[in-house]
**Student:** 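Input: one structure, supplied below.
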Amino acid sequence: MNIPFLDNWRKRQGGTQPGTLAAAVETDPDGVAELLAECELLRVRAGQQGLELDDTPASLAALDQLPPRWRDDPEELPWLGNDAGLYLGTVIVRTVLGAAWDIWPSGQPVVRLESGREIDVVAAGLDWAMAGSPELSQVYAESAEN
């Protein structure tokens with residue numbers, strides 16, 4: 001899996017040796033969480049529509065209300081969906097007690113809840129970007145219940 005921000009993390013760690021995201025989560029969970037929270041494309045597109053993303057559940061509800069103009073650009077759509085999923089995960093990790101980033105063997109970042117349930121936030125973000133469903137705020141609400 002090509003994760004551009006992982007290259008940034010490697011540079012911050014002083015090397016370019018290939019490593020796994022799973023190992024990065026083990027050795028520097030705060031650093032990985034910071035990189036996953038960047039979501040630059042989503043933050044720029046939301047800002048262009050007057051929405052500042054502040055890593056709160058309310059911002060997820062506000063994202064759900066934006067007109068889906070990104071669907072007009074099929075090349076940008078998967079990148080924006082990926083960012084939406086990482087942003088969803090960031091909000092969950094920062095606001096739901098016991099939630100943390102985890103990495104599947106495939107390299108996919110997911111959020112693991114205290115209950116042990118794993119949420120594929122990237123898949124949820126892609127579904128949201130492409131079809132508008134499930135809403136990001138809905139996924140968050142279901143996560144916060146666990």
Side-chain angles (χ1 to χ4, degrees), residues 1-66 68 70 75-146:
M1 174 178 223
N2 180 20
I3 305 175
F5 60 80
L6 188 54
D7 291 333
N8 293 337
W9 180 85
R10 287 182 188 135
K11 288 175 188 170
R12 289 182 194 170
Q13 299 305 307
T16 57
Q17 291 287 341
T20 66
L21 188 54
V25 168
E26 293 291 322
T27 60
D28 186 9
D30 292 337
V32 170
E34 180 182 327
L35 290 171
L36 291 172
E38 286 181 3
C39 312
E40 185 176 351
L41 178 61
L42 180 69
R43 291 181 190 276
V44 167
R45 294 296 178 255
Q48 289 171 340
Q49 295 189 46
L51 175 61
E52 181 181 343
L53 300 181
D54 60 2
D55 301 348
T56 64
S59 66
L60 294 173
L63 273 172
D64 289 337
Q65 300 305 310
L66 290 179
W70 54 84
E75 289 184 24
E76 189 172 278
L77 185 62
W79 294 102
L80 191 109
N82 186 73
D83 273 11
L86 294 176
Y87 183 71
L88 169 63
T90 295
V91 174
I92 293 170
V93 167
R94 290 184 176 172
T95 62
V96 175
L97 186 64
W101 286 106
D102 197 5
I103 306 301
W104 282 343
S106 66
Q108 180 81 0
V110 297
V111 172
R112 182 181 301 268
L113 301 176
E114 192 171 49
S115 67
R117 178 176 165 225
E118 293 177 327
I119 302 166
D120 186 350
V121 290
V122 172
L126 289 169
D127 289 346
W128 173 82
M130 291 183 190
S133 177
E135 291 184 337
L136 299 175
S137 59
Q138 177 185 353
V139 176
Y140 174 83
E142 292 170 1
S143 302
E145 289 176 359
N146 284 319

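All values reported here derive from a predicted model rather than from experimental measurement. Numbers for residues simply follow the sequence, beginning at 1.
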**Student:** Can you see which heavy atom on Pro109 is nearest to which on Leu86, and at what distance?
**Tutor:**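 Closest approach of Pro109 to Leu86, heavy atoms only: CG-CD2, 4.0 Å.
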**Student:** With Val93, which of Val111, Leu113, Val121 fulfils side-chain contact (heavy atoms from CB on, under 4.5 Å)?
**Tutor:**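 So, applying the side-chain contact (heavy atoms from CB on, under 4.5 Å) to Val93 and each of Val111, Leu113, Val121, only Val111 qualifies.
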**Student:** Which heavy atom of Asn82 sits nearest to which heavy atom of Leu126, and what is that distance?
**Tutor:**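 Residues Asn82 and Leu126, closest heavy atoms: N-CD2, 3.7 Å.
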**Student:** Are the side chain of Asp64 and the backbone of Glu135 linked by a donor-acceptor contact shorter than 3.5 Å?
**Tutor:**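 No, the answer is negative, given that no donor and acceptor are paired below the 3.5 Å cut-off.
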**Student:** Who passes ring-ring contact (aromatic ring centres under 6.0 Å, His included) against Trp101, sequence neighbours left out?
**Tutor:**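 Trp101 satisfies ring-ring contact (aromatic ring centres under 6.0 Å, His included) with no other residue.
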**Student:** Are there more than 12 heavy atoms of other residues, nucleotides or ligands under 6.0 Å from atom CD of Gln49?
**Tutor:**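 Atom CD in Gln49 is crowded, with more than 12 foreign heavy atoms closer than 6.0 Å.
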**Student:** Can any side-chain N or O of Asp127 pair as donor or acceptor with the backbone N or O of Pro134 at less than 3.5 Å?
**Tutor:**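 Side chain of Asp127 to backbone of Pro134: no pair is present.
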**Student:** So does Gln48 have more than 12 non-hydrogen atoms from other groups sitting under 6.0 Å from CD?
**Tutor:**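 More than 12 heavy atoms, drawn from other residues, nucleotides or ligands, come within 6.0 Å of this atom.
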**Student:** Return the minimal non-hydrogen interatomic distance between Ser143 and Ile119, and the atom names on each side.
**Tutor:**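 Distance-wise, the nearest heavy atoms are OG-CD1, 2.8 Å.
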**Student:** Under 4.0 Å between a side-chain nitrogen and a carboxylate oxygen: does that hold for Asp55 and Arg43?
**Tutor:**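 Counted as a salt bridge, because a side-chain N and a carboxylate O are separated by less than 4.0 Å.
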**Student:** To the nearest 0.5 Å, what is the distance between CD on Glu118 and CD on Gln108?
**Tutor:**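 Spacing of CD (Glu118) from CD (Gln108) equals 11.0 Å.
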**Student:** If you compare all heavy atoms of Leu136 against all heavy atoms of Gly125, which two are closest, and at what distance to 0.1 Å?
**Tutor:**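 In terms of heavy atoms, the two residues are closest at CD2-CA, 4.4 Å.
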**Student:** Keeping the roles fixed (side chain from Trp104, backbone from Val110), state whether a donor-acceptor pair exists under 3.5 Å.
**Tutor:**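 Judged by distance alone, no pair lies under 3.5 Å.
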**Student:** Are Leu41 and Trp70 packed together at the side-chain level, in the sense that at least one heavy-atom pair is separated by less than 4.5 angstrom?
**Tutor:**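 No, their side chains stay 4.5 Å or more apart.
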**Student:** Nearest 0.5 Å please: distance from the CZ atom of Arg45 over to the CG atom of Leu66.
**Tutor:**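 It is 12.5 Å, given to the nearest 0.5 Å.
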**Student:** Run the side-chain contact (heavy atoms from CB on, under 4.5 Å) test on Leu63 and Trp128 for me, step by step, so that the C-alpha distance in whole Å, both residues' side-chain angles and the decisive distance to 0.1 Å come before the verdict.
**Tutor:** CA-CA 10 Å; Leu63 273 172; Trp128 173 82; 4.2 Å; yes
**Student:** If you take all heavy atoms of Ser59 and Leu53, which pair is closest and at what distance?
**Tutor:**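 Heavy atoms only, the tightest pair is CB-CD2, 4.2 Å.
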**Student:** Are the side chains of Leu88 and Leu60 in contact, using a 4.5 Å heavy-atom criterion?
**Tutor:**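 Yes. Closest side-chain heavy atoms under 4.5 Å.
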**Student:** If you round to the nearest 0.5 Å, how far is CD1 of Ile103 from OG of Ser106?
**Tutor:**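 Rounded to the nearest 0.5 Å, the OG-CD1 separation comes out at 9.0 Å.
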**Student:** So, for Ala129 and Gly81, which heavy atoms are closest and what is the spacing to 0.1 Å?
**Tutor:**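 Shortest heavy-atom contact: CB-CA, 3.5 Å.
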**Student:** Check whether any side-chain N or O of Tyr87 sits under 3.5 Å from a backbone N or O of Ala37 as a donor-acceptor pair, and report yes or no.
**Tutor:**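 Not at all, since once roles are kept as given, no pair shorter than 3.5 Å links the two residues.
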